[in-house]
Amino acid sequence: MKNQEVAKLLYEIADLLEIEGVEFKPRAYRKAAQNIESFSIDIEELYKKNELKSIPGVGKSIEEKIREYLETGRINKLEEMRKRIPIDIESLSKIEGLGPKMIKALYEQLGVKNLDDLEKAAREGKIRKLRGFGEKTEKNIIENIEIARKRQERFLLGFALKDALEVIDLIKGHVEKISLAGSIRRRKETIGDVDILAIAKEPHKIMDIFTSMKKVEKVIAKGDTKSSVRLYGGLQVDLRIVDKESFGSALQYFTGSKEHNIELRKIAIKKGYKLNEYGLFENDLRIAGEDEEKVYKMLGMQWIPPEMRENRGEIELALDGKLPKIVEYEEVKGDLQMHTVWSDGANSIEDMVEEARRLGHKFIAITDHVGSLKIAGGMDEKKVIEQGKEIEKLREKYDDIYIFHGVEANIMKDGELDVSNSLLKDVDVVLASVHTAFRMNEEEMTARVIKAIKHDYVDIIAHPTCRIIQEREPIKVDIEKVLQSAKDNNVVMEINAYPDRLDLNDINTKLAVEIGVKLSIGTDAHTIDHLRYYELGTAVARRGWAKKEDIINTYTVEELKKLFGK
DNA sequence: GCCGTTTTCGGCCCGACTGTTTTCAGTCG
């Protein structure tokens with residue numbers, strides 16, 4: 001699927017156009033890029049069917065460029081622009097306070113093309129002399145270069161969420177109301193910073209508590225309405241105090257996404273209203289603002305769960321009153337992938353059972369590695385049988401949780417599993433996944449995974465694309481074909497809930513739901529501490545619009561046994 | 001460059017903040 005690839009090029013064209021001072025076109029390109037990037041249909045399929053224009057925001061001209069790229073591997077106009085403006089915009093625009101206009105001025109007047117040039121010019125005191133720039137701007141640039149170099153891109157949701165919830169815990173006793181906002185409230189897989197909103201009678205007292213927390217490394221800004229801190233580890237947290245009558249609209253506004261908000265504001269305009277962070281206004285009269293639900297209601301639409309607010313079609317559905325009822329966090333009743341000391345996990349089966357009970361799970365699947373993955377302690381048939389006996393004993397001891405005996409087998413290069421059927425036939429649930437030979441072409445890799453899907457004993461394909469966020473690209477598979485095959489063969493696809501996997505991701509989950517594939521949530525826990533990540537899996541499910549019936553972790557133990565053929 | 005329940009031409013989201021200015025452009029979220 002080349003959607004991300006094409007989107008990236010369109011974003012680059014947008015950046016370059018903006019540098020050139022072209023109006024409105026950058027917005028058009030970005031809009032098209034955004035839609036392509038979150039489109040669950042393969043852009044190459046649309047191209048073959050001559051339906052590229054069915055993507056919102058893609059008209060004659062952008063269609064032509066996509067066509068050119070898919071046919072020749074390049075876009076002439078982009079190549080020309082790159083030659084004309086040889087600037088590393090991507091890294092330069094990461095500098096806080098540096099936008100296209102300033103990048104353009106720096107290039108034209110000082111020849112700044114990249115971070116190194118920028119730093120040199122700043123340190124030599126050349127920037128302050130430019131019209132529109134000054135000493136302060138130059139000083140900020142120097143500081144922000146350091147930060148941009150040090151900062152590792154974005155933070156994983158799973159890690160940031162823990163810090164964010166701890167911050168809220170510290171403050172919530174002192175405020176009237178408090179909520180996460182921003183991408184972390186939408187449970188995006190990575191987040192830039194944490195946004196928190198609160199109502200407070202004595203703002204500066206709250207700000208004192210906030211800025212003097214133990215985990216604060218640096219106070220970036222401190223005022224009565226907004227303070228920002230950087231925690232140890234680099235995560236930035238912003239706390240805003242808002243008025244009670246604006247809390248809902250501020251929450252809506254700061255939750256985003258930006259694209260979602262833009263659409264909402266257009267709807268407001270059509271109705272003759274104005275929507276901003278202070279409320280929804282008819283003339284100067286505030287007709288909604290205190291609660292978020294009412295803001296949506298007054299715009300004539302259903303309230304939209306934060307996880308869905310990405311402008312991927314949710315607004316149209318909410319206007320029609322046809323939003324799908326997505327799975328709720330408390331409907332997920334168990335965890336279907338985890339490891340123990342029987343392979344590469346750190347805890348015993350009983351430890352995992354105890355912790356799962358504490359989390360309120362009704363069932364878990366112990367899915368230790370089997371077969372050739374010796375580095376992960378892959379068990380042989382004899383050990384699997386022994387493990388089964390231990391699980392049987394624990395089932396007798398605990399009657400409030402059911403323990404499925406599972407295994408995780410490897411899908412070898414040829415699509416066969418690395419263990420015999422005799423090992424698999426007696427366990428309750430068989431996960432299969434790719435752990436080796438990640439670099440295969442799409443055709444071979446797709447065939448490999450589909451062969452595993454068709455295997456007699458495979459119930460679930462675990463971490464289907466094998467990506468590691470910010471570390472390893474997904475394997476090259478034709479995800480639509482894989483999902484269709486899963487549907488045809490009644491095989492479940494996993495949403496791996498481990499913080500750096502989240503695989504399937506939100507977009508592929510949405511596609512799976514559309515195709516009708518059942519999904520399972522597994523934490524892939526290797527210690528008892530990892531078990532709490534199951535909520536991240538639910539978050540991905542919600543971002544992919546999965547309903548309760550799409551997620552097998554909402555089933556009863558009896559229903560699961562039936563599904564696994566036991 | 002795209003788009004249309006005001007439009008096939010003329011619009012394209014909104015407000016705050018910063019740093020530079022002396023009334024505002026640029027950037028950010």
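Note on naming: letters A, B, ... go to the chains in the order of the sequence lines (proteins, then strands), and numbering restarts at 1 for each one.
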Practice item. State, to 0.1 Å, how close A:Ala122 and A:Ile142 come at their nearest heavy-atom pair, and which atoms those are. Key: CB-CG1, 3.5 Å

Check your understanding: Is there a side-chain contact between A:Lys65 and A:Ile13, using heavy atoms and a 4.5 Å cut-off?
Key -> yes

Review point. What is the distance, rounded to the nearest whole Å, between atom CZ of A:Phe24 and atom P of B:dG11?
Key: 10 Å

Exercise for review: Tell me whether the OP1 or OP2 atom of B:dG15 has a side-chain N or O from A:Lys274 closer than 4.0 Å.
Suggested key: yes

Review point. Taking atom types as modelled, is there a side-chain donor on A:Asn3 or A:Glu44 under 3.5 Å from an acceptor on the other?
Key: no

Review point. Just wondering, do A:Glu290 and A:Phe247 contact through their side chains at under 4.5 Å, heavy atoms?
Key: no

Point to revise | Residue pair A:Phe254 / A:Arg185, side-chain heavy-atom distance below 4.5 Å | key: no

Revision key, fill the gap. Ordered by number, residues from residues 60-74 of chain A within less than 4.0 Å of DNA chain B (heavy atoms) are A:Lys60, A:Ser61, A:Ile62, A:Lys65

Exercise for review: Send over the distance from A:Gln34 CD to B:dC2 P, rounded to a whole Å.
Suggested key: 16 Å

Check your understanding: Using a cut-off of less than 4.0 Å, is there contact between a side-chain N or O of A:Asn140 and OP1 or OP2 of B:dG19?
Key -> yes

Review point. Rounded to whole angstroms, how far apart are CD1 on A:Ile55 and P on B:dC3?
Key: 11 Å

Exercise for review: State whether A:Asn276 places a side-chain N or O below 4.0 Å from either non-bridging phosphate oxygen (OP1 or OP2) of B:dG15.
Suggested key: yes

Point to revise | Spacing between A:Leu17 atom CG and B:dG1 atom C1', to the nearest angstrom | key: 9 Å

**Study point:** Base paired to B:dC9 (Watson-Crick or G-U; both N/O distances under 3.5 angstrom)
**Key:** B:dG4

Exercise for review: Output yes when at least one side-chain N/O atom of A:Tyr278 is less than 4.0 Å from OP1 or OP2 of B:dA16, else no.
Suggested key: yes

Point to revise | Electrostatic pair A:Glu263-A:Lys31, nearest N-O below 4.0 angstrom | key: yes

Atom pairs under 3.5 Å: protein N/O with N/O of nucleotides 5-8 of chain B:
none

Check your understanding: Rounded to whole angstroms, how far apart are CG on A:Asn261 and P on B:dG15?
Key -> 13 Å

Study note, to complete from the structure: Rounded to whole Å, CD of A:Glu20 lies from C1' of B:dG1 at a distance of 15 Å

Check your understanding: Is there a residue in residues 122-139 of chain A whose heavy atoms reach under 4.0 Å of DNA chain B, and which residues are they?
Key -> A:Gly132, A:Phe133, A:Gly134, A:Glu135, A:Lys136, A:Thr137

Review point. Quick one, which residues of residues 293-304 of chain A touch DNA chain B with a heavy atom under 4.0 Å?
Key: none

Review point. When you match A:Ile262 and A:Pro56 each to their closest nucleotide on DNA chain B, which lands nearer the 5' end?
Key: A:Pro56

Check your understanding: For residues 270-282 of chain A, which residue pairs qualify under side-chain hydrogen bond (donor to acceptor under 3.5 Å, both in side chains), counting only residues two or more places apart or in two chains?
Key -> none

Practice item. Can you check each nucleotide of nucleotides 23-29 of chain B against protein heavy atoms at under 4.0 Å and return B for base, S for sugar-phosphate only, - for none, in 5' to 3' order? Key: ---SSSB

Exercise for review: Pick the C1' atom in B:dG1 and in B:dT8, then give their distance to the nearest Å.
Suggested key: 15 Å

**Study point:** Electrostatic pair A:Arg532-A:Asp529, nearest N-O below 4.0 angstrom
**Key:** no

Point to revise | Residue of the set A:Leu106, A:Asp88, A:Ile87 for which side-chain contact (heavy atoms from CB on, under 4.5 Å) holds with A:Val112 | key: A:Leu106

**Study point:** Whole-Å distance separating the CD1 atom of A:Ile267 from the P atom of B:dC14
**Key:** 13 Å

Review point. Of all heavy-atom pairs between A:Ala546 and A:Leu519, which one has the smallest distance, and what is that distance?
Key: CB-CD1, 4.5 Å

Exercise for review: Output yes when A:Glu45 and A:Lys49 qualify as a salt bridge under the 4.0 Å nitrogen-oxygen rule, no when they do not.
Suggested key: no

Practice item. Indicate yes or no: does A:Glu18 engage A:Arg30 in a salt bridge with an N to O separation below 4.0 Å. Key: yes

